[in-house]
Amino acid sequence: MDNNEKVLEIYRHSTSHIMAHAVKEIYPDVKLAIGPPTSDGFYYDFDCPKTLTEDDIPVIEEKMREIINADRPFVRKELSKSDAIELFRKIGEPYKIELLEEITDKTVSVYGEGNFVDLCRGPHLKSTGEVKAFKLLSVAGAYWRGDEHNKMLQRIYGVAFPDKDELKKYLDFIEEVKRRDHRRLGKELDLFSISDDIGAGLVMWHPRGAVIRRVIENFWTEEHQKSGYQILYTPHIAKLDLWKKTGHMDFYAENMYSPMEIEGLEYEIKPMNCPFHISIYKSRLRSYRELPLRFAELGTVYRYERSGVLHGLLRVRGFTQDDAHIFCRVDQIEEEVLRVLDFTLFVLKTFGFTDYDIYLSTRPEKYVGSLEKWERATNALKDALQNRGLNYSIDPGEGVFYGPKIDIKVKDCLGRPWQCSTIQVDFNIPERLDVTYRGTDSKDYSPIMIHRALMGSLERFFGILIEHYAGVFPLWLSPVQLSILTISERHVEYSRKMTEIFLSEGLRVDLNAENEKIGYKIREATLLKTPYMCIIGDKEMANGTVNVRKRDGGNLGEMSLEQLKTILKEEITKRR
RNA sequence: GCCGAUGUAGCUCAGCUGGCAGAGCAACUGAUUCGUAAUCAGUAGGUCGGGGGUUCAAAUCCCCCCAUCGGCUCCA
């Protein structure tokens, strides 16, 4: 953290204290929990008998302004732990006492201004008057200490900046995020829907969205074939027994749906694809000469997610993973991980993601397999990252039950991180399910399995893409690439001919021959973010040409069909 | 799942302390045949999220569900 960030942190921390003071003045019964700074702002958690709502925000803000205008100094006091406990007992702050009881230091510090005092390590601003620009954003529920077994408190989120301009910039950023929201754009651009009648978290891809998916899938399939993968299709359900054998029933049951009974046997809808790929692997004897064997599938899985966590395309209950399982020998593992890493970065780059955060997740509390194997798998991932000189951070205990993983979070053009790619090494499942290959010595060995997804799920990736591009998809992904707009009825026949020609070239074209003014048609196409428009009037008809306009308003003017075809094809090939 | 808010026409939203359900856009019909981001007029469109209750009377008040939104927890 650089110096500037530290200063901001102090600034926000002090603002959160001022907010706590304000809330305490308005609702004297409130009990204070914690109020730290965050990456953009701050929050404070309250245990308040009165339910706080959005309507309280302006009132609290007003009270904060009073405290700021009073410009009272923040005073630090050090006292013994027992004196501090006594102090917070006197003013009735049970949460502060709970925090104090866990502090091992003999002395602690408290900060105060006016008649307000709070347990705090500090440091703080010199006085309340130093706060120049802040805004409270929302109220929300939050568990005490983030544990869902604890009482739910009320949290107020706010932001604070050194001056009004910075605050305005941040508020503009929030507006930009809203403007790009994939749920809103999904409706406006008619890309997808999630219907109450079908069920929460289940996505319907509309024609325009389905086009984009198809383009992505085709790209994905081609590139996988080039990279030595074999593409599979597998069923959506399997016997419950299978999931018992794999360990999913022990370690993944809370994300799985209830089984269904078919002729006395129980079946289960799949939450993962790996057992099917393993089954194909095991369908015959495998030789060491065949390895590495790379099986890939756009596999649709269903996972139970608690209703409160569903969020547009980014968190759903049914989704298609761009999944693959690589079976290889121990001596091939580093090379395979490297290949996957390179492949992943290439695919992400194609969609305009060049910036990412990489995490290495280690063994979780619930796991299968020996410690030694975990160690070995974890090192394989670490070595690959280091080999490529990629910076990463360690996420302790965040691995999957069968092995450690590398997660790649891409950053979109607003700098927001999104979890997509995951690469998981698995020493455990092949052994558990008796997956083997015949070695040079004619004995059987367990292969290593690498599970990986590049985009993660097509649904989530699509949601991220919509926001990344703000709905303005590059030409190769655009649902409609070219809209042909007639000026009047006598241009329809010629326009229809043009449409046929472009369609036969494999371009996605539509014809707007409605009885509307040209301005209206341009507006419609622009709102749908169609990359290119052809305006067809008397002149074009007479010259056998088209008149081209781009969605950003740029006018390319009159040109021949051939010229336009060349422009479009080149842009499509470049995938920009 | 938990805390809070919201749910009214295809979409965006009005509808106050209970008293005949509204607007703009879209759709449809007609007129207009038009040169780079909205032509004009008319028509139609609603079990007010679902179920129960209070009341002479419920979009409005109460209860229970469902979904969405902001978070928490959890995750591709």
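Each chain gets a letter, A, B and so on, in the order the sequences are listed, and its residues count up from 1.
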Consecutive Watson-Crick or G-U pairs in runs of at least 3, all under 3.5 Å, in which RNA chain B is involved | B:1-7 with B:66-72, B:10-13 with B:22-25, B:27-31 with B:39-43, B:49-53 with B:61-65
Taking NZ, NE, NH1 and NH2 as the nitrogens, is one of them in A:Asp40 or A:Arg12 under 4.0 Å from a carboxylate oxygen of the other?
-> no
For nucleotides B:rC66 and B:rU54, find the distance between their P atoms and express it as a whole number of Å.
-> 24 Å
Base B:rG71 to side chain A:Tyr143, donor-acceptor N/O within 3.5 Å cut-off = no
Side chain of A:Ile487 - closest among B:rC34, B:rC3, B:rG4 | B:rC34
On a plain distance test, is the side chain of A:Glu305 in donor-acceptor contact with the base of B:rA76 below 3.5 Å?
-> yes
Contact class for A:Val301 vs. all strands (heavy atom < 4.0 Å): base, sugar-phosphate, or nothing?
-> nothing
Report which part of the nucleic acid A:Ala200 touches: base, sugar-phosphate, or nothing (heavy-atom distance under 4.0 Å, all strands).
-> sugar-phosphate
Base, sugar-phosphate alone, or nothing: which one does A:Leu137 contact when heavy atoms must sit under 4.0 Å apart?
-> nothing
Nearest-Å distance, CD (A:Gln154) to P (B:rG70)?
-> 19 Å
Between B:rC48 and B:rG70 - P atom distance, rounded Å | 27 Å
Using atom CH2 of A:Trp144 as one end and atom P of B:rC3 as the other, report the distance to the nearest whole Å.
-> 19 Å
Of A:Gly199 and A:Gln424, the one whose closest nucleotide on RNA chain B sits nearer the 5' end is A:Gly199
Donor-acceptor pair present, A:Asn547 side chain and B:rU36 base, under 3.5 Å | yes
In whole angstroms, the gap separating C1' of B:rC66 from CG of A:Asp196 amounts to 6 Å
Taking the C1' atom of each, how far is B:rU8 from B:rA59, in whole Å?
-> 7 Å
Is there a side-chain polar atom (N or O) of A:His311 under 4.0 Å from OP1 or OP2 of B:rG71?
-> no
B:rA37 base stacked by A:Tyr520 (centroids within less than 5.5 Å, tilt under 30°) = no
In whole angstrom, give me the gap between the P atoms of B:rC34 and B:rU47.
-> 43 Å
Kindly say whether, by distance alone, the side chain of A:Arg315 makes a donor-acceptor pair under 3.5 Å with the base of B:rC74?
-> yes
Identify the two heavy atoms, one from A:Trp144 and one from A:Glu98, that lie closest to each other, and give their separation to 0.1 Å.
-> NE1-OE2, 3.2 Å
Describe the nucleic acid contact of A:Gly146 in one word from base, sugar-phosphate, nothing, applying a heavy-atom distance below 4.0 Å.
-> sugar-phosphate
Among B:rC11, B:rU39, B:rA76, find the nucleotide with the atom closest to the side chain of A:Lys187.
-> B:rC11
Ring centres under 6.0 angstrom apart (A:Phe46, A:Tyr44) | yes
Do any side-chain nitrogens or oxygens of A:Lys405 fall under 4.0 Å of OP1 or OP2 in B:rA76?
-> yes
Closest listed nucleotide, where the reference is the side chain of A:Gln419 and the choices are B:rU73, B:rA76, B:rG71 = B:rA76
How long is the line joining NZ of A:Lys521 and C1' of B:rA37, in whole Å?
-> 14 Å
Rounded P spacing from B:rG19 to B:rA31 in Å = 44 Å
Nucleotide nearest A:Glu148 when distance is taken to its side chain, options B:rG35, B:rU68, B:rG1 | B:rG1
Of all the choices, B:rA67, B:rU33, B:rC72, which nucleotide is nearest to the side chain of A:Ser488 once you look at every atom?
-> B:rU33
Taking for each residue the nucleotide of RNA chain B with the nearest heavy atom, is it A:Leu52 or A:Ser138 whose nucleotide lies nearer the 5' end?
-> A:Leu52
Counting just side-chain N and O atoms, does A:Arg490 come under 4.0 Å of either OP1 or OP2 of B:rC34?
-> yes
Counting heavy atoms from C-beta on, name the nucleotide in B:rA76, B:rG4, B:rG1 closest to the side chain of A:Thr53.
-> B:rG4
How is A:Glu540 classified with respect to the nucleic acid when contacts are heavy atoms under 4.0 Å: base, sugar-phosphate, or nothing?
-> base
Looking at A:Arg183, does any N or O in its side chain come under 4.0 Å of the phosphate oxygens OP1/OP2 on B:rG70?
-> yes
Give one of base, sugar-phosphate or nothing for A:Glu254, where a contact means two heavy atoms less than 4.0 Å apart.
-> nothing
Looking at A:Asp407 and A:Lys405, does any basic side-chain N land under 4.0 Å from a carboxylate oxygen?
-> yes
Can any side-chain N or O of A:Glu9 pair as donor or acceptor with the backbone N or O of A:Pro37 at less than 3.5 Å?
-> no
P spacing across the pair B:rC64 / B:rG1, given as an integer number of angstrom = 15 Å
NZ or CZ of A:Arg155 within 45° of A:Tyr43 ring axis and under 6.0 Å = yes
In A:Arg416, A:Arg183, A:Arg179, the residue satisfying side-chain hydrogen bond (donor to acceptor under 3.5 Å, both in side chains) with A:Glu467 is A:Arg416
Any idea which heavy atoms bring A:Met559 and A:Thr545 closest together, and the distance?
-> O-CB, 3.2 Å
Measure the distance from CG on A:Asn150 to P on B:rC74 and round it to the nearest whole Å.
-> 12 Å
Options B:rC72, B:rU73, B:rC74, nucleotide nearest the side-chain atoms of A:Arg306 = B:rU73
Test A:Met533 against every option in A:Thr526, A:Leu556, A:Val548 by the side chain to side chain contact (heavy atoms under 4.5 Å, CB included) rule and name the one that passes.
-> A:Thr526
With C1' as the reference atom in both, quote the distance from B:rA58 to B:rA21 in angstrom, rounded to an integer.
-> 13 Å
Taking the same atom, C1', in B:rG15 and in B:rU73, what whole-Å distance lies between them?
-> 38 Å
Nearest to the side chain of A:Asn555, which nucleotide is it out of B:rA37, B:rU36, B:rC72?
-> B:rU36
Would you say the ring centroid of A:Tyr143 lies under 6.0 angstrom from that of A:His149?
-> no
Hey, are A:Glu175 and A:Lys178 close enough for a salt bridge, meaning a charged N less than 4.0 Å from a carboxylate O?
-> yes
Side-chain N or O of A:Arg184 closer than 4.0 Å to phosphate OP1/OP2 of B:rC11 | no
When we call it a touch if two heavy atoms are under 4.0 Å apart, what does A:Gly308 touch: a base, just sugar-phosphate, or nothing?
-> base
With heavy atoms under 4.0 Å as the rule, sort A:Asp407 into base, sugar-phosphate or nothing.
-> nothing
The side chain of A:Tyr157 lies closest to which of these nucleotides: B:rC75, B:rA67, B:rG71?
-> B:rG71
Starting from P on B:rC66, measure out to CZ on A:Arg317 and report it in whole angstrom.
-> 11 Å
Using a heavy-atom cut-off of under 4.0 Å over every strand shown, decide if A:Thr51 touches base, sugar-phosphate, or nothing.
-> sugar-phosphate
Separation of atom CD in A:Glu516 from atom C1' in B:rA38, rounded to whole Å = 9 Å
In plain terms, say whether A:Glu176 and A:Arg180 are close enough for a salt bridge, that is, a side-chain N and a carboxylate O under 4.0 Å apart.
-> yes
Considering only heavy side-chain atoms of A:Ile522, the closest of B:rG71, B:rU36, B:rG1 is B:rU36
